[in-house]
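Chain A is the first sequence line, chain B the second, and so forth, proteins listed ahead of strands; every chain is numbered from 1. If you're wondering where the values come from, they're calculated on a predicted model, not measured in any experiment.
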There are 2 protein chains.
Amino acid sequence: MKITMKEIAKEANVSVATVSHVINGTKQISKETHSRVMGVVRKYNYMPNQAAKTLKRQKTMTAALVVSSLPDTFVSELTYGVEERAREMGYHLMLVNTNENVPYEKETINVLHSNMVDGIILSPTSSDLEYLNEFTEAGFPIVLVNRYHPVVKNTPRVTGDNYQTGYDATLHLLEHGHRDIGIIYGVPDVSTTNDRIRGYRDALEAYGIPFNEDYLELGAATKKGAATAAEKLLTRSRKISALFILNDLMTIGTISKLKEMNLLIPDDVAIIGFGDFPSAEIIDPPVTNIIQPPEQIGRIAFDILLDKIENPESVKHVELPANLVIRKSCGC
Amino acid sequence: MKITMKEIAKEANVSVATVSHVINGTKQISKETHSRVMGVVRKYNYMPNQAAKTLKRQKTMTAALVVSSLPDTFVSELTYGVEERAREMGYHLMLVNTNENVPYEKETINVLHSNMVDGIILSPTSSDLEYLNEFTEAGFPIVLVNRYHPVVKNTPRVTGDNYQTGYDATLHLLEHGHRDIGIIYGVPDVSTTNDRIRGYRDALEAYGIPFNEDYLELGAATKKGAATAAEKLLTRSRKISALFILNDLMTIGTISKLKEMNLLIPDDVAIIGFGDFPSAEIIDPPVTNIIQPPEQIGRIAFDILLDKIENPESVKHVELPANLVIRKSCGC
DNA sequence: GTTATTAGGTTAAACGTTTAACCTCTTTTC
DNA sequence: GAAAAGAGGTTAAACGTTTAACCTAATAAC
């Protein structure tokens with residue numbers, strides 16, 4: 001069996017309270033006792049039982065990152081940022097992927113809430129987030145990341161500035177003279193998609209161009225999905241001369257389809273992608289991308305979670321700017 | 001405060017034991033009592049305190065995945081597989097990235113061992129794994145993934161067949177007529193690197209070609225690292241006509257450098273990469289890759305961990321085959 | 001030379017579950 | 001109709017920590 005504090009205490013000839021105090025530094029302890037206890041601790045490589053500690057302290061020193069999909073570049077890098085920051089701050093990280101499954105997401109939040117973690121960073125599946133209020137109102141720290149919804153009260157969030165990036169990308173394409181710009185989006189009805197499309201609409205409006213529902217197509221956030229979406233879009237609306245694609249895998253899928261259709265980028269169809277990827281600059285042509293800082297979003301989200309844990313009234317909203325890195329696929 | 005079993009018991013007019021029994025189904029309970037208790041449970045959305053449960057049961061129902069680096073395609077997909085399988089089996093997953101830091105790895109295993117998790121899937125940083133024996137001998141379940149070392153006894157592992165893939169890739173290049181084949185590797189002195197290089201050597205030997213230390217270069221598993229490694233290799237040994245590159249990011253970095261040097265792929269330098277990536281087929285030329293199934297490795301690793309938890313004597317070794325997917329960069 | 005203060009410990013209650021042992025009725029068995 | 005078995009509960013002891021309250025001897029204060 002695993003060694004316990006009681007046995008350490010016996011071997012060091014002190015009470016368990018003393019062992020606890022030397023380990024945690026919660027009381028003055030004489031030099032000799034201290035080193036005698038630490039000697040025994042090291043001898044057995046003793047580590048306090050986390051469950052007991054948590055039960056008593058009501059603090060787990062672990063946080064959870066709950067995402068709605070894992071095999072996704074953005075999410076991977078987000079995870080990296082969160083994990084790194086958690087580690088730096090002495091926290092452990094629990095990772096759960098809800099796989100875009102809303103009931104499972106609810107269930108997950110519920111069990112994590114029961115003394116498994118001190119707080120949650122959540123990238124939610126849907127906009128139906130009212131159920132979160134039950135937890136946040138009870139003082140359980142949750143921070144929303146990437147996707148959000150105004151229905152959740154008193155809850156910090158950190159996102160990219162999706163509206164602005166949608167606007168900027170569209171504007172750039174407009175400045176290149178494009179008037180018929182298609183969008184391939186990954187997931188319907190989430191704030192990220194909606195905000196970017198809002199930016200797109202407003203940019204069009206600034207140029208006096210009417211919004212056309214036919215120019216939107218769902219790409220399901222996959223290569224294959226985007227390929228068929230691109231095909232639909234370009235056959236249905238032959239005037240489309242530029243595409244704005246809302247994630248990296250879909251950008252790759254689209255390019256693949258365009259090559260298959262023998263369409264030249266950017267001459268026949270210009271492209272701006274969302275989310276940079278490692279090979280973007282060695283593709284022919286190198287692809288122009290909106291780059292968001294997912295790792296930084298993760299780090300900040302963790303810091304805000306910590307702030308929320310220590311200071312329950314605090315509600316910070318952070319919106320990080322993104323950059324348009326211009327390469328060749330837009331026509332530049 | 002969070003609601004406890006005691007309060008549920010009071011409101012349902014039963015003892016806490018009874019509440020526990022209805023929740024866990026550990027005893028016959030009358031229909032009325034059962035529904036009365038469940039009524040109160042649902043009313044307050046009660047969930048048992050995990051810390052208390054763990055303390056009593058000595059079982060956490062969570063596993064840990066400890067990797068040595070996170071921002072890496074292979075690791076991301078491995079994580080995906082592990083998380084998915086854990087979720088399916090009703091386990092939670094703890095994720096920690098040791099950042100190739102050996103002391104931190106040791107420390108991590110130590111705290112995870114103290115009733116935080118029921119077992120660990122470890123992709124270790126170094127070959128210095130003797131310290132693990134202390135834990136495995138005490139019956140703590142650990143399964144090694146990807147990297148391993150024979151010094152760890154009684155410990156299951158699941159890896160790709162690195163020797164064979166090293167052999168196959170080299171052979172393919174040899175069949176194309178290449179006699180001077182460089183290797184860019186990511187991390188020195190780990191089993192993955194060593195096994196692949198062993199395969200490379202043996203393939204060369206089968207063709208009667210002497211092994212040349214100068215044909216190896218460290219690429220640090222990054223784009224930049226590989227770019228400078230490629231440059232070094234090609235200027236130092238001008239006869240090199242093919243490159244075998246041991247991870248995806250390094251493949252991209254190398255291609256980028258070759259383009260910069262105005263070298264044609266595959267005419268001036270042929271390339272085979274290790275680890276497929278989403279854009280491999282839209283790059284010009286499409287890149288020939290060894291593809292390993294990291295997600296499957298993850299799933300299997302979790303199953304083996306579970307097996308080890310339930311059956312401590314079990315020691316399974318799994319070695320998964322990889323495929324050479326042939327595209328254009330090898331000269332085909 | 002009494003009284004406070006401090007240093008260095010110990011005792012014991014609590015954290016919220018689980019579960020063996022026990023109890024009390026009913027029902028079954030022969 | 002007495003004994004055995006079963007159904008449906010309860011009691012209380014763990015699980016391994018933390019921490020407030022308490023204790024004692026030594027030192028400081030005046």
Contacts of Glu84(B) meeting side chain to side chain donor-acceptor pair (under 3.5 Å) (sequence neighbours excluded), chain-then-number -> Tyr80(B), Arg299(B)
Side-chain atoms of Gln28(A) come closest, of dA7(C), dG8(D), dG16(D), to dA7(C)
Taken in chain and number order and not counting sequence neighbours, the residues that satisfy side-chain contact (heavy atoms from CB on, under 4.5 Å) with Pro188(B) are Tyr185(B), Leu218(B)
(request) Look at Tyr46(B) and dT17(C) and indicate whether a side-chain polar atom (N or O) is within less than 4.0 Å of OP1 or OP2. (result) yes
Residues passing the side chain to side chain donor-acceptor pair (under 3.5 Å) test with Asn45(B), sequence neighbours excluded, are Asn110(A), Glu134(A)
Sorted by chain and number, sequence neighbours left out, side chain to side chain donor-acceptor pair (under 3.5 Å) with Ser35(A) holds for none
Expected list for residues 108-116 of chain B near DNA chain D, using heavy atoms below 4.0 Å, is none
Rounded to whole Å, NZ of Lys2(A) lies from P of dT17(D) at a distance of 11 Å
Here the pair of heavy atoms bringing Ala301(B) nearest to Val145(B) is CB-CG2, 3.9 Å
Atom CD of Gln50(B) and atom C1' of dC15(D) are separated, to the nearest Å, by 15 Å
Result for 5'-nearest mapping on DNA chain D, choosing between His34(B) and Leu55(B), is His34(B)
Contacts of Tyr46(A) meeting ring-ring contact (aromatic ring centres under 6.0 Å, His included) (sequence neighbours excluded), chain-then-number -> none
>> Between Arg85(A) and Glu88(A), does any side-chain N to carboxylate O distance fall below 4.0 Å?
In response: yes
Please produce a list of atom pairs where a protein N or O lies less than 3.5 Å from an N or O of nucleotides 18-20 of chain D.
{"unit_1": "dT18(D)", "atom_1": "OP1", "unit_2": "Asn24(A)", "atom_2": "ND2", "d": "3.4"}
{"unit_1": "dT18(D)", "atom_1": "OP2", "unit_2": "Ser20(A)", "atom_2": "OG", "d": "2.6"}
{"unit_1": "dT18(D)", "atom_1": "OP2", "unit_2": "Asn24(A)", "atom_2": "ND2", "d": "3.2"}

message: Is Gln58(B) close enough to dC15(D) that one of its side-chain N or O atoms is under 4.0 Å from OP1 or OP2 there?
response: no
With sequence neighbours left out, the residues meeting side chain to side chain donor-acceptor pair (under 3.5 Å) with Ser314(A) are Asp307(A)
The salt bridge (charged side-chain N to carboxylate O under 4.0 Å, His left out) partners of Arg36(A) (sequence neighbours excluded) come to none
Rounded to whole Å, the NZ-C1' distance (Lys6(A) to dT11(C)) equals 14 Å
Separation of dG16(C) atom C1' from Lys10(B) atom NZ, nearest Å, is 15 Å
